[in-house]
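This report concerns only the one structure given below.
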Amino acid sequence: MTSHRKICVIGLGYIGLPTAALLANRGYEVYGVDIVQSTVDVINEGKIHIIEPELDTFVKSAVNSGKLKADLKPVEADIYIIAVPTPFHEGFIPNVDYVLSATRSIASYVKENDIIILESTSPVGTTEKVKEVLEQNGVDTSKLSIAYCPERVLPGQIMRELVENDRIVGGITSEATHKAVEFYKTFVSGEVLSTDARTAEMAKLTENSFRDTNIAFANELSILCDKFDIDVWELIKLTNRHPRVNVLQPGAGVGGHCIAVDPWFIVNAGGDDAKIIRTAREVNTYKTEWVIEKIKNEALKFKVKNGRKAKVVCMGLAFKPNIDDLRESPALYIAQRLTKELENIYCVEPNIKTLPKNSQFSILNSQLITTDEAIKKADLVVFLVAHNEFKDLNIKTNLDFCGVTR
Ligand SMILES: NC(=O)c1ccc[n+]([C@@H]2O[C@H](COP(=O)([O-])OP(=O)(O)OC[C@H]3O[C@@H](n4cnc5c(N)ncnc54)[C@H](O)[C@@H]3O)[C@@H](O)[C@H]2O)c1
């Protein structure tokens with residue numbers, strides 16, 4: 001492995017930049033590539049364009065030591081790591097365009113014995129497509145090691161988990177698997193597990209679908225318990241005393257760019273055979289609509305009783321507790337829908353000062369208030385995200401969809 005010292009990381013976002021900075025701090029000569037000029041510029045100044053604890057220290061020391069350089073174009077290297085986005089198109093069709101264009105961008109640089117690793121969460125068969133695209137661009141892939149290695153880090157703990165988590169590595173050939181495993185072993189303290197590329201791709205999708213399905217079970221229970229006039233939080237606490245039962249907590253839906261997205265990659269390819277995974281997605285999406293209807297009904301009851309429209313405060317906008325990430329957030333979606341359909345909607349999000357300007361949700365900025373203001377102003381308090389700041393509030397709770405007041 002000592003001959004493989006030069007690494008090119010394609011895509012410098014939440015996964016690519018921490019990976020590049022870690023490898024540079026471990027002595028590799030790392031070239032980071034991104035298509036966004038401002039991202040490249042910020043990194044070359046030793047600074048970061050995303051929020052992640054400890055990342056700034058890693059990037060600063062990597063750039064200062066000359067081991068990390070960013071650019072818009074790839075360079076010749078020994079190992080290429082692709083960590084670009086894999087969203088979906090309209091209709092939940094997986095979009096691997098970024099992976100394919102990143103692959104095309106390295107085609108003229110790869111040479112015999114290089115290792116090419118795809119880390120983006122991808123539909124089964126994408127690593128084979130990487131090989132095909134290289135071949136279509138004139139590359140002889142017979143002497144290359146092409147492998148898939150999914151990332152499973154938790155935002156907020158990425159620098160630690162990049163090293164400590166177990167990794168799954170699956171090559172197109174067993175030699176590719178072996179070479180990629182040897183590479184990960186140079187910086188991962190967790191176990192590095194070998195398989196083939198298709199199994200590794202499916203493993204990542206399975207992990208996120210498992211979470212989605214289990215949350216869907218809890219969300220369905222919460223709707224049923226509401227119908228049966230049972231406190232779902234007490235119910236779950238009691239059932240979890242069974243030694244082999246562990247029901248998760250319900251919420252306002254499921255968000256984030258992983259769990260709410262990746263199961264569709266299985267459903268899209270699995271068709272009618274992906275019954276539970278599809279239904280789980282639908283249940284979690286339905287839960288968000290159900291929450292909106294509940295809030296609207298409560299607001300209507302207030303109006304009938306008091307002769308005026310309720311001032312509604314949505315507590316939390318992020319997609320899960322104690323973060324500022326709004327991607328695919330059900331709470332944000334609920335606040336947006338209520339703003340369109342009702343009046344006097346306010347939001348509290350202790351992890352965000354202002355919402356990004358020119359974004360589809362910057363309109364909510366004028367409705368952002370503090371928790372203290374919410375306590376004074378609100379007729380209807382709706383807890384959507386179980387942030388720590390909301391735990392011991394002396395507020396008369398009207399609706400708690402995340403169990404934070406329990
Ligand atoms: N963020 C996470 O917590 C996490 C966890 C596990 C897996 N993943 C997966 O990792 C992949 C990357 O996710 P992310 O969160 O880092 O995304 P991101 O959006 O933060 O970063 C991706 C970067 O790739 C760049 N890019 C796009 N096309 C490019 C190209 N052709 N060449 C060079 N750069 C290009 C973008 O400009 C962006 O900076 C996705 O498949 C995601 O599902 C993410």
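Counting starts at 1 for both ligands and their atoms, following the listed order.
A side-chain donor-acceptor contact under 3.5 Å links E373 and T370. In this model, a donor atom of one side chain and an acceptor atom of the other lie less than 3.5 Å apart for D262 and N208. Side-chain polar atoms of S222 and K287 form a donor-acceptor pair below 3.5 angstrom.
Geometrically, K6 does not engage Y28 in a cation-pi contact, judged by NZ or CZ lying under 6.0 Å from the ring centre and within 45° of the ring axis.
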Passes salt bridge (charged side-chain N to carboxylate O under 4.0 Å, His left out), R152 versus D166? Steps please. CA-CA 9 Å; R152 39 161 72 141; D166 292 345; 5.5 Å; no
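The aromatic rings of F187 and Y184 sit tilted relative to each other, their planes meeting at an angle between 30° and 60°.
Protein residues having a heavy atom under 4.0 Å from any atom of ligand 1 are I10, G11, L12, G13, Y14, I15, V33, D34, I35, V36, A83, V84, P85, T86, Y98, S101, A102, S120, T121, E151, P155, K204, H257, listed by chain and number.
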